[in-house]
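Here is the structure we will look at.
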Amino acid sequence: MCGIVAIAGKAPVNQALYDALTVLQHRGQDAAGIVTGDQGRLFLRKDNGMVRDVFHTRHMLRLAGNFGIGHVRYPTAGSSSSAEAQPFYVNSPYGITLAHNGNLTNAQKLAQDIFRTDLRHVNTDSDSEVLLNILAHELQARGQIVPTVDDVFAAVSGVHKRCKGAYAVVAMITGYGIVGFRDPHGIRPIIFGERDTPDGREYIVASESVAITSLGFRIVRDLAPGEAVFISAAGQLHTRQCAESPSYTPCIFEYVYFARPDSIIDNISVYKARLRMGEKLAATITRDYPDLQIDVVMPIPDTSRTAALELANQLNVKYREGFMKNRYIGRTFIMPGQGQRKKSVRQKLNPIELEFAGKNVMLVDDSIVRGTTCREIIQMARDAGANKVYFASAAPAVKFPNVYGIDMPAKSELIAHGRTDQEVCELIGADALIYQKLDDLIAAAREGNPDIQAFDCSVFNGEYVTGDIDDKYLEALQASRNDSAKKQKEHGSTIVDLSNG
């Protein structure tokens, strides 16, 4: 999962891009990058690390220009190489820079096509570089010295025809403008906004609405699946549907975990969706677990707080903060190695013992992936004196890997894969385990926007909305995402083999 932003301004945009990336920092802490354009020249700064660590005053002063794009990244397959930090650049045609959130499911085939047919070279393992070269080739095929609006939208149509998977993209065509577009299924989020200045109207395109409103822009709307927006160098905004058969199936995990609660995605308030998750989870507990004697409800910070608060309200049970979080520890479910994850959990959370002593505690988390975190947390609650420890997940059991840009681990490493709820309960050491029902999760999200008929719920039900995922693909994914593969990748890069078809 990554965060993207683009700004077409009337004044220098370096500070605004920086500020937007800090707001989107939750979407990726592995690397950050900004590129700006000024009078036909590009200025780029990118590196591994948090936004505050990548950009210093000397870097910001060099990022000249009124147009630019930015990116925050976390590694989809465990790599933390600075070579894969974005934005990426290709010099032909025009000079194009691109930042991408998502994952192309046919990236390896496209890399071969680029090498053999398009005669282009891909230098990293990143599917974002593949996507950039596809866009560049489609734009170059138009054969125009000066690209028109029609040329830009035709190139995006060509991307849609060739690329499969999930992608939300911002790109800058040097000297001509900024384009943003979304995959035909609308899996990954992208939204645009505007604001008026004394010098004219400025535009922003970003992963989440919070990046728009925090900078003083007005939200215009989300891009529809398959739609593109183009802001020309003159500041004119154009939008067009570029996909032949778009469908609306956004990723439901955005509402469960990734998005900030103060964001609105596809006209759905993330905060309200999480409140409804807590409400529906409480209804499940009341109906299916009437004998539980719950003294207190506690969230696992941070993303489960909203659901836990509403769950406590619905159950008429005290809500308490039982764990204090160290915010300087990374996300544990993307860390390679069980030992490192286990150690990180203890460093990340510390219990307030007086809230646990002698009580029957209901712990609430947004989801359960490997089970490492919740197993350690449950033990910490017992060590702090809890009488009984119940565990509730605001999401259903995660049983399948994600192929659309979230680094869900290999299928064999998902604790719920191939196990019953009771078996998982015993493995994590809980006195009771309650999962959200999938229908309830869908209803909690869809209530915010009834126009969305379906969501991508593949991590829960194994149904991949792009229709191109088979057992062979998942087996290859398993080989690349298990802990041993990630450790190998840490010590050296993997080169895509373009010699065989």
Side-chain angles (χ1 to χ4, degrees), residues 2 4 30-31 33-35 37 40-48 69-71 73 75-145 147 151-152 154-167 169-176 178-179 181 183 405 473 476 480 485 488-501:
C2 301
I4 58 174
D30 182 67
I34 291 174
V35 62
R41 294 190 63 189
L42 296 176
F43 302 89
L44 172 67
R45 168 62 181 171
K46 62 180 182 177
D47 203 353
N48 283 358
I69 64 176
H71 185 266
R73 172 185 183 268
T76 305
S79 171
S80 58
S81 168
S82 59
E84 295 188 12
Q86 298 182 40
F88 283 116
Y89 167 74
V90 66
N91 69 340
S92 178
Y94 317 118
I96 304 173
T97 48
L98 177 144
H100 160 230
N101 173 33
N103 183 57
L104 300 185
T105 54
N106 63 337
Q108 290 221 346
K109 181 182 183 302
L110 287 174
Q112 295 172 354
D113 292 344
I114 288 169
F115 182 74
R116 293 179 177 145
T117 307
D118 299 354
L119 304 181
R120 289 176 172 271
H121 176 69
V122 178
N123 196 50
T124 71
D125 296 333
S126 175
D127 61 337
S128 302
E129 189 185 10
V130 171
L131 200 157
L132 168 60
N133 276 278
I134 295 292
L135 176 64
H137 176 80
E138 294 297 324
L139 198 53
Q140 190 164 15
R142 302 289 292 179
Q144 301 296 317
I145 295 177
D151 292 327
V152 172
V156 174
S157 295
V159 170
H160 289 332
K161 290 174 183 176
R162 296 180 67 179
C163 295
K164 296 180 180 179
Y167 48 92
V169 176
V170 290
M172 183 166 60
I173 306 169
T174 307
Y176 297 107
I178 283 174
V179 60
F181 56 92
D183 71 79
Y473 184 94
S480 68
Q488 289 177 2
K489 199 165 186 179
E490 282 187 325
H491 297 290
S493 62
T494 303
I495 304 300
V496 177
D497 184 2
L498 303 179
S499 61
N500 298 306

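From a predicted model like this one, the values you see are computed outputs, not experimental measurements.
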Kindly give the heavy-atom pair with the smallest separation between [X] and [Y], and that separation in Å.
X: Q140; Y: S92; answer: NE2-OG, 3.2 Å
X: G40; Y: T174; answer: O-CG2, 3.6 Å
X: A136; Y: P93; answer: O-CD, 3.3 Å
X: Q86; Y: S128; answer: NE2-OG, 2.8 Å
X: Y473; Y: L104; answer: OH-O, 4.3 Å
X: L135; Y: V159; answer: CA-CG2, 3.7 Å

For the side chain of [X] and the backbone of [Y], is there at least one donor-acceptor N/O pair under 3.5 Å apart?
X: N103; Y: G405; value: no
X: D183; Y: Y167; value: yes
X: N106; Y: R162; value: yes
X: K46; Y: P87; value: yes
X: H71; Y: H100; value: yes

Taking the side chain as every heavy atom from C-beta outward, state whether [X] and [Y] have any pair of such atoms under 4.5 Å apart.
X: I34; Y: R45; value: no
X: I134; Y: I114; value: yes
X: F88; Y: T124; value: yes
X: L131; Y: L110; value: no
X: R120; Y: V90; value: yes
X: I69; Y: T97; value: yes
X: D30; Y: E84; value: no

Working to the nearest 0.5 angstrom, can you tell me the gap between [X] [atom1] and [Y] [atom2]?
X: N133; Y: D113; atom1: CG; atom2: CG; value: 12.0 Å
X: D127; Y: L132; atom1: CG; atom2: CG; value: 11.5 Å
X: R73; Y: N48; atom1: CZ; atom2: CG; value: 7.5 Å

(message) So that I can tick it off, tell me whether E138 and K161 are bridged by a salt bridge, with the cut-off set at under 4.0 angstrom between side-chain N and carboxylate O.
(response) no
(request) Dump the intermediate steps for side chain to side chain contact (heavy atoms under 4.5 Å, CB included) on Y89 and M172, then the final yes or no. (result) CA-CA 9 Å; Y89 167 74; M172 183 166 60; over 6 Å; no
